[in-house]
Amino acid sequence: MKMSSLFVQTLREVPSDAEVVSHQLLLRGGYMRKLAGGIYTYLPLMWRVLKKIENIVREEMDKEGAQELLMPIVQPKELWEQSGRWAVYGKELMRLQDRHGKEMALGPTHEEVITALARDEIRSYRQLPVNLYQIQNKFRDEIRPRFGLLRGREFIMKDAYSFDVDEAGLDIAYEKMARAYTKIFLRCGLETRMVRSDSGAIGGSVSHEFMVLTKTDSGENDVLYCDKCSYAANSNNATSKMLPAEMTGRFEKAEIVDTPHTRTIEELAEFLKIPSTIICKALVYIADSKPAIALIRGDQNVEEIKLQNALGANEIRIATSEEILELMNKNGFSAEPGFIGPKGMKNVKIVADLSVKDLKNFVVGINQTDKHLVGANWGVDIELPELFDIRLAQVGEGCPECDGHLMITKGIEVGNIFKLGTKYSKAMNATFTAEDGKEKPFIMGCYGIGISRTAAAAVERYHDEHGIKWPIQIAPYHVVVVPVSDQDEQQMKVASDIYEKLQKAGVEVVLDDRAERAGVKFKDADLIGFPYRITAGKTLSEGLVEFKIRETGEVMKLTPDEAVEKMIEAVKAVS
RNA sequence: CGGGAUGUAGCGCAGCUUGGUAGCGCACCUCGCUUGGGACGAGGGGGUCGCAGGUUCAAAUCCUGUCAUCCCGACCA
């Protein structure tokens, strides 16, 4: 490809609405343009990158026996009603009507469609196991699209779905995908960490995310990882060993004491001269429009995703003061926020974090303003509610799996794998005839890779102040050949010659034949991020060209033939 | 959904306070000159000032509405 005819416009200035570096560089480098919030046109350079990632994904998926298909992006409401998700998916599901008023949705994911397909097509255990995947545009009407391709509304995703006769089969399918994913990202030049995570709205039990640890501030997930072992988890799912703390209060008998103006844990601890570790904190949440109380040790914080799961709710939020007063009224109390406690509360779900279990002679709200119960004990003064892990794990706490400590970093989730089990097959009545002649629901798994997000993650991971430094495996082109001046016949001749030889050898090469000054060509080459640059310029007087590696900045002076040879080798090394 | 901000040429911005018919840099086109890290000179094209109302002799500027975009938050009693 000649640069003069390549469809690319680089920008000198950073578009003002681009915040993260991948967004900025992809706009500046002429890789994409925004059409609407979270919706982008992928220009030729970007499309080449995306196709490369897609092809790596295809190869590794196929190696594990998965088969590619393509499902529709517009899906009928009926399917979503069968799975129950029409009601629970929320506003992220882009709903629309056709001319007859029939309700449809743009597919944010394809569990419904694939499950319906399996229901219709797979009759017997003899047809199992099977793993089907597609690479396709998804649409999620994100509450707040941002970060360019990292959180768009329309994006490209690979989604695979496995069907098995039993859990053991699912385990095998899951392992295969975990293996494939690790290889895929490595081949894209990205090191990933497989972290356990919440399974969210998709449902199911076990799930892992593949995170690119960016080592910068970009990335929207907090990842806690052990400094000693391989433990890593999304902060919404991480567990930890809490640091040693006092669990026993100095109040030896239960009594109600005055604690004026102690609305926060800090104020209460200060007033009673006790550590916050012997206070049982009560938080009122609204879970799917019903109130619920969460108890946790005073010095700890609730992880809302965990709480949401413990409550079996689709959506939770902290209650307002008004809602708390209303709840108090219903239970015959009138306490203000800050003095809430579990005792005497009826018609409200109460869950407790594991951190409160071992509290003795502790302090807790008693639903009377300016008063607390001190010296309380479970089973004596207050019934111990059902226990869950609803605590936010924090940096510095102990690793749950070894004696190491937890560290935190930002991560970009580029892939995820879920064990779905029978959630969809049961709901949608998708069954097969098992070996024993009985009808059984499929045991399913689903496995996603954000193709466009992976490209953005690569930019986040590999760039400098001049531009992108693509790993060669996913770079739009392998190398740019730059004659310093298009007026110089010798330079043009040598450059064209190298260009043609590389092309014949199958190297993806761009010849910068533009009538631009050298500075412009170099700046563009760095910005676009060609992994290699071969320059025909002043060194030609010695019969040499420059061979420059973008990643390291290393420059070598070689004869044109040596440069061609070296370039061919560089490409061979990764294919 | 709440809070903050911004919409003026492809991109980055000024002009708005104090209304008088739109400007700068980059990019683009032509010519000249230049050719190792985003040159220079001359000339040129391109904007119903987000949109819709209103006030006024006159609106980018003041008022109202609306749409869009970006940032922050979705928060621990």
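Predicted model only: the values in this text are computed from it and were never measured. So you know, we letter chains A, B, ... as the sequences are listed, proteins then strands, and number each from 1.
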Could you tell me which nucleotide pairs with [N] by Watson-Crick or G-U wobble geometry, both distances under 3.5 Å, or answer none if nothing does?
| N | answer |
| --- | --- |
| B:A68 | B:U6 |
| B:C75 | none |
| B:C13 | B:G23 |
| B:U56 | none |
| B:C40 | B:G32 |

If you take the centroid of each ring, where Trp contributes its six-membered ring, are [Y] and [X] closer together than 6.0 Å?
| X | Y | answer |
| --- | --- | --- |
| A:Tyr31 | A:Tyr42 | no |
| A:Tyr40 | A:His23 | yes |
| A:His372 | A:Phe339 | yes |

For this session: By nearest nucleotide on RNA chain B, pick out whichever of A:Glu19 and A:Asn301 is the more 5' one.
Result: A:Glu19
Seminar exercise, completed: Assign each of A:His466 and A:Ala18 the nucleotide of RNA chain B bearing its closest heavy atom; nearer the 5' end lies the nucleotide of A:His466
Without decimals, in angstroms, what is the distance between [X] [atom1] and [N] [atom2]?
| X | N | atom1 | atom2 | answer |
| --- | --- | --- | --- | --- |
| A:Leu27 | B:C70 | CG | C1' | 13 Å |
| A:Arg146 | B:C72 | CZ | C1' | 9 Å |
| A:Ile286 | B:C76 | CD1 | P | 14 Å |
| A:Leu35 | B:A68 | CG | P | 14 Å |
| A:Ile318 | B:C1 | CD1 | C1' | 17 Å |
| A:Glu304 | B:C76 | CD | P | 9 Å |
| A:Lys521 | B:A39 | NZ | C1' | 15 Å |
| A:Ile316 | B:C75 | CD1 | P | 10 Å |

Suppose you measure atom [atom1] in [N] against the same atom in [M]; what distance do you get, rounded to whole Å?
| N | M | atom1 | value |
| --- | --- | --- | --- |
| B:C28 | B:G73 | C1' | 42 Å |
| B:G19 | B:A60 | P | 14 Å |
| B:G37 | B:G3 | C1' | 45 Å |
| B:U55 | B:G15 | C1' | 22 Å |
| B:A52 | B:G12 | C1' | 29 Å |
| B:G43 | B:C51 | C1' | 36 Å |
| B:C11 | B:G46 | C1' | 14 Å |
| B:U18 | B:C63 | P | 10 Å |

What's [X] touching, base or sugar-phosphate or nothing? Going by heavy atoms closer than 4.0 Å.
| X | result |
| --- | --- |
| A:Arg33 | nothing |
| A:Val482 | nothing |
| A:Ile324 | base |
| A:Asp488 | nothing |
| A:Leu392 | nothing |

Problem set entry | Contact state string [nucleotides 23-36 of chain B, B base, S sugar-phosphate only, - no protein heavy atom under 4.0 Å] | --BSS------BBB
Is the backbone N or O of [Y] less than 3.5 Å from a side-chain atom of [X], with the two atoms forming a donor-acceptor pair by type?
| X | Y | result |
| --- | --- | --- |
| A:Arg95 | A:Trp86 | yes |
| A:Arg550 | A:Asp526 | yes |
| A:Asn331 | A:Leu327 | yes |

Exercise. Looking at A:Asp497, A:Val481, A:Leu502, which hits side chain to side chain contact (heavy atoms under 4.5 Å, CB included) with A:Val564?
Worked result: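 When side chain to side chain contact (heavy atoms under 4.5 Å, CB included) is applied between A:Val564 and each of A:Asp497, A:Val481, A:Leu502, only A:Leu502 qualifies.
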Seminar exercise, completed: Among B:U69, B:G38, B:G12, the one nearest any side-chain atom of A:Thr10 is B:G38
For this session: Look at the side chain of A:Val302 and decide which nucleotide, out of B:C70, B:C76, B:C71, has an atom nearest to it.
Result: B:C76
For this session: Would you kindly check if the NZ (Lys) or CZ (Arg) of A:Arg533 is within the cone defined by 45 degrees around the ring axis of A:Phe522 and under 6.0 Å from the six-membered ring centre?
Result: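 So A:Arg533 does make the cation-pi contact.
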Exercise. How are the rings of A:Phe547 and A:Tyr532 set relative to one another: parallel (under 30°), tilted (30 to 60°) or perpendicular (over 60°)?
Worked result: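 Plane angle between 30° and 60°, so tilted.
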For this session: Tell me whether the OP1 or OP2 atom of B:C13 has a side-chain N or O from A:Ser16 closer than 4.0 Å.
Result: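 Yes, such a contact exists.
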Problem set entry | Test: A:Asp561 and A:Lys501 ion pair at under 4.0 Å |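 Salt bridge: yes.
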